[in-house]
Amino acid sequence: MILQQAPTVGTASSRRAQIRSAVRVSPASGAPISSATPLSIAAPCVLGRAAPARPLSRPPAAAATGVPTAADAARGAKVLDNVYDVVVVGGGLSGLVTAQALAAQHNVQNFLVTEARERVGGNITTMAGEGYIWEEGPNSFQPNDSMLQIAVDSGCEKDLVFGDPKAPRFVFWEGRLRPVPSGLDAVTFDLMSLPGKIRAGLGAVGLLRAPAPAQEESVEGFIRRNLGAEVFERLIEPFCSGVYAGNPAKLSMKAAFQKIWILEQKGGSLVGGALKLLQERKANPPPPRDPRLPPKPKGQTVGSFRKGLKMLPEAIEKKIKDKIRVNWKLAALTRDGEAYSLVYDTPEGRVLVRARAVALTAPSYVVSELLQAEVPAASSALSQFDYPPVGAVTLAYPVSAVREDRRAADGSVPGFGQLHPRTQGVTTLGTIYSSSLFPGRAPSGEILLLNYIGGTTNRGIVNQTKEQLVEQVDKDLRTMLLRPDAPKPRTVGVRVWPRAIPQFNIGHLDLLDTARSALDAKGWRGVFLGGNYVSGVALGKVVEYGYESAAALAAHLAKQPAASKSA
């Protein structure tokens with residue numbers, strides 16, 4: 001989420017097997033999950049979304065159960081003549097990529113994208129003013145090929161910007177910001193003790209590794225068992241705070257970090273699994289890279305766009321603008337013969353739309369409410385995912401306010417940002433050095449710091465004022481990064497997301513299976529579950545999922561009767 005993207009939730013080979021379980025599809029189709037190298041500083045995921053509109057009225061039966069009926073929702077609605085091939089519910093990045101890929105890669109043109117808000121882009125929230133450009137939702141992405149692909153497909157690849165891959169990342173430990181290892185310094189870095197490094201090395205090759213438990217294992221349990229206490233306490237625990245704003249004692253290793261989890265499954269140890277994966281890739285090389293893609297940035301870096309992340313959804317919107325409807329709030333979804341009926345509240349009144357397939361890319365709690373009347377078992381499963389609150393607090397200081405030991409000879413402040421373990425007496429989860437990471441983010445002579453606060457261990461931020469949040473973040477920064485006599489900050493932006501990042505806790509995959517099974521039992525094979533609670537929380541994986549989901553939808557449509565092509 002916040003300071004890094006989540007590692008891939010499946011390898012190339014395992015991901016294909018997950019496609020059929022990650023999305024609701026017909027037997028021969030599907031879509032997947034997440035990406036990145038541990039401990040780089042990057043993006044929070046796609047955050048929460050407004051709940052769907054409730055029907056304007058309910059008959060007595062609906063009032064008794066609290067669940068509106070489809071008939072009640074559809075009463076008085078204008079019925080569109082066209083039967084769409086696909087309706088994509090949600091105009092966030094997942095929905096936009098899915099829609100554009102349907103048109104560009106699968107020649108599916110008869111689709112509609114609906115968004116409850118007044119704009120597309122979901123919680124990508126780039127702001128600008130008075131010389132600053134700042135993000136109040138996701139802040140960056142890992143530049144995997146899927147992200148580069150969508151930049152090319154949407155025509156904004158020339159606006160890509162990347163952070164310096166040599167820029168250090170820091171963890172605040174025992175009163176100091178200590179650099180995270182990124183290469184040969186893995187032996188000399190001082191974030192861990194020599195015994196801790198030895199323990200980690202022996203565990204990685206399987207010499208000090210306890211057997212895996214029979215039950216699903218938490219991130220904390222997996223890391224302590226394989227790599228020891230120091231790796232967990234000084235690297236992984238703050239990393240979990242940065243990615244998920246979560247509790248590693250509850251996060252599922254298999255669900256949240258499957259790329260690492262699967263190594264032990266494949267090779268008996270982390271190193272053994274890595275070697276086995278290399279052998280598999282050598283025997284089954286990936287297809288040739290698309291020659292249109294720009295070169296992949298080297299090292300552990302992150303990307304954005306010249307004027308912020310909003311440039312991507314805006315570019316996609318231009319490509320498919322005539323297919324998008326904003327301020328359309330979905331009130332009901334039901335099966336209608338061979339098609340699905342979707343009833344919306346729109347600025348022009350209530351509208352009923354029919355479609356051969358539906359891609360639900362909204363957060364799980366929104367989808368849960370939509371399915372409550374028709375598929376209650378799926379609704380119940382999806383309602384159980386936790387989305388803790390997260391605040392994005394953006395502050396500006398003179399560069400001279402930064403401690404001298406953190407400034408370079410030229411006066412700049414190099415680095416991606418910093419992570420803060422919960423044990424170190426700091427409330428802020430992590431800090432991004434926005435103006436050091438990308439050009440043009442702050443006036444000359446200033447440093448722009450994007451700070452995240454809240455999460456599973458600090459849900460009370462929803463009850464704090466903007467001033468209280470700024471005061472807390474400023475206090476933490478003075479403990480770690482700023483000089484004691486630093487001037488008061490300039491508050492550039494404060495936004496609290498009451499429901500931010502979905503927690504991939506123990507049982508997450510079982511709940512997804514329950515929801516998919518319930519949709520199967522109902523005969524709703526044309527309804528595809530999506531969003532970051534399925535794909536993973538990294539923007540790069542949300543995009544990768546969008547491409548996979550489009551392929552799954554196209555495969556499903558190929559097996560179904562053709563839709564009406566009326567306008």
Between [Y] and [X], is there a side-chain heavy-atom distance shorter than 4.5 Å?
{"X": "V543", "Y": "Q149", "value": "no"}
{"X": "V97", "Y": "Y547", "value": "yes"}
{"X": "I236", "Y": "F222", "value": "no"}
{"X": "L227", "Y": "L270", "value": "yes"}
{"X": "T431", "Y": "L450", "value": "no"}
{"X": "P487", "Y": "P398", "value": "yes"}
{"X": "L539", "Y": "L93", "value": "yes"}
{"X": "D164", "Y": "T301", "value": "no"}

Report the C-alpha distance between E135 and K310 in whole Å, list the side-chain angles of each, state the deciding distance to 0.1 Å, and finish with yes or no for salt bridge (Lys or Arg N to Asp or Glu O under 4.0 Å).
CA-CA 9 Å; E135 304 286 356; K310 72 171 185 176; over 6 Å; no
Exercise: identify the closest heavy-atom pair between [X] and [Y]:
{"X": "V542", "Y": "G536", "answer": "CG2-O, 3.7 Å"}
{"X": "A229", "Y": "R224", "answer": "CB-NH1, 3.5 Å"}
{"X": "Q503", "Y": "I501", "answer": "NE2-O, 3.0 Å"}
{"X": "G137", "Y": "Y452", "answer": "O-OH, 3.0 Å"}
{"X": "L235", "Y": "M192", "answer": "CD1-SD, 3.9 Å"}
{"X": "P238", "Y": "F232", "answer": "CD-O, 4.2 Å"}

Looking at K250, I'd like to know if its NZ atom is crowded, meaning that more than 12 non-hydrogen atoms belonging to other residues, nucleotides or ligands lie closer than 6.0 Å.
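No, NZ of K250 has 12 or fewer neighbouring heavy atoms, counting only those of other groups under 6.0 Å.
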Would the distance check show the side chain of [X] and the main-chain N or O of [Y] forming a donor-acceptor pair, the cut-off being under 3.5 Å?
{"X": "E115", "Y": "R117", "answer": "yes"}
{"X": "S368", "Y": "S364", "answer": "no"}
{"X": "R403", "Y": "P484", "answer": "no"}
{"X": "E230", "Y": "S193", "answer": "yes"}
{"X": "R289", "Y": "P295", "answer": "no"}
{"X": "R199", "Y": "N226", "answer": "yes"}
{"X": "D476", "Y": "T427", "answer": "yes"}
{"X": "Q424", "Y": "E174", "answer": "yes"}
{"X": "S154", "Y": "I150", "answer": "yes"}
{"X": "K307", "Y": "D159", "answer": "no"}

Does the pair I324 and R119 meet the rule for a side chain to side chain contact (heavy atoms under 4.5 Å, CB included), with working shown?
CA-CA 10 Å; I324 295 173; R119 63 169 179 87; over 6 Å; no
What's the separation between atom [atom1] in [X] and atom [atom2] in [Y], rounded to the nearest 0.5 Å?
{"X": "L96", "Y": "T361", "atom1": "CG", "atom2": "OG1", "value": "8.0 Å"}
{"X": "N458", "Y": "T428", "atom1": "CG", "atom2": "OG1", "value": "9.0 Å"}
{"X": "S535", "Y": "E548", "atom1": "OG", "atom2": "CD", "value": "11.0 Å"}
{"X": "Y132", "Y": "L448", "atom1": "OH", "atom2": "CG", "value": "7.0 Å"}
{"X": "Q464", "Y": "E467", "atom1": "CD", "atom2": "CD", "value": "11.5 Å"}
{"X": "K254", "Y": "I506", "atom1": "NZ", "atom2": "CD1", "value": "12.0 Å"}

Does D405 form a salt bridge (Lys or Arg N to Asp or Glu O under 4.0 Å) with R176? I'd like the steps, not just the answer.
CA-CA 11 Å; D405 63 347; R176 285 178 48 207; over 6 Å; no
Let's go through R292 and E157 carefully: what are the C-alpha distance in whole Å and the side-chain angles of both, what is the deciding distance for salt bridge (Lys or Arg N to Asp or Glu O under 4.0 Å) to 0.1 Å, and is it a yes or a no?
CA-CA 10 Å; R292 299 179 305 144; E157 71 276 12; over 6 Å; no
Given side-chain hydrogen bond (donor to acceptor under 3.5 Å, both in side chains), test N144 with S146 step by step and report yes or no.
CA-CA 5 Å; N144 61 12; S146 292; 4.6 Å; no
Using the rule ring-ring contact (aromatic ring centres under 6.0 Å, His included), only one of F385, Y387, F504 pairs with Y533; which is it?
F385
V89 and V367: CA distance, side-chain angles, deciding distance, side chain to side chain contact (heavy atoms under 4.5 Å, CB included) verdict
CA-CA 10 Å; V89 179; V367 177; over 6 Å; no
Positive for side chain to side chain contact (heavy atoms under 4.5 Å, CB included) with N139, one of I124, T126, I432
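Between N139 and the candidates, side chain to side chain contact (heavy atoms under 4.5 Å, CB included) is satisfied uniquely by I432.
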Could you tell me if the ring centre of F257 sits under 6.0 Å from that of Y244?
yes
Pi-cation contact, Y433 with R406 (under 6.0 Å, within 45°):
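Judged by the rule (NZ or CZ under 6.0 Å from the ring centre, within 45° of its axis), R406 is not positioned above Y433.
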Relative to F189, does K197 satisfy both conditions: NZ or CZ under 6.0 angstrom from the six-membered ring centre, and within 45 degrees of the ring's axis?
yes
Walk me through whether E233 and T423 qualify under side chain to side chain contact (heavy atoms under 4.5 Å, CB included).
CA-CA 8 Å; E233 293 165 359; T423 59; 6.0 Å; no
One pair to check against side chain to side chain contact (heavy atoms under 4.5 Å, CB included): V492 and L395. What are the steps and the verdict?
CA-CA 5 Å; V492 177; L395 306 178; over 6 Å; no
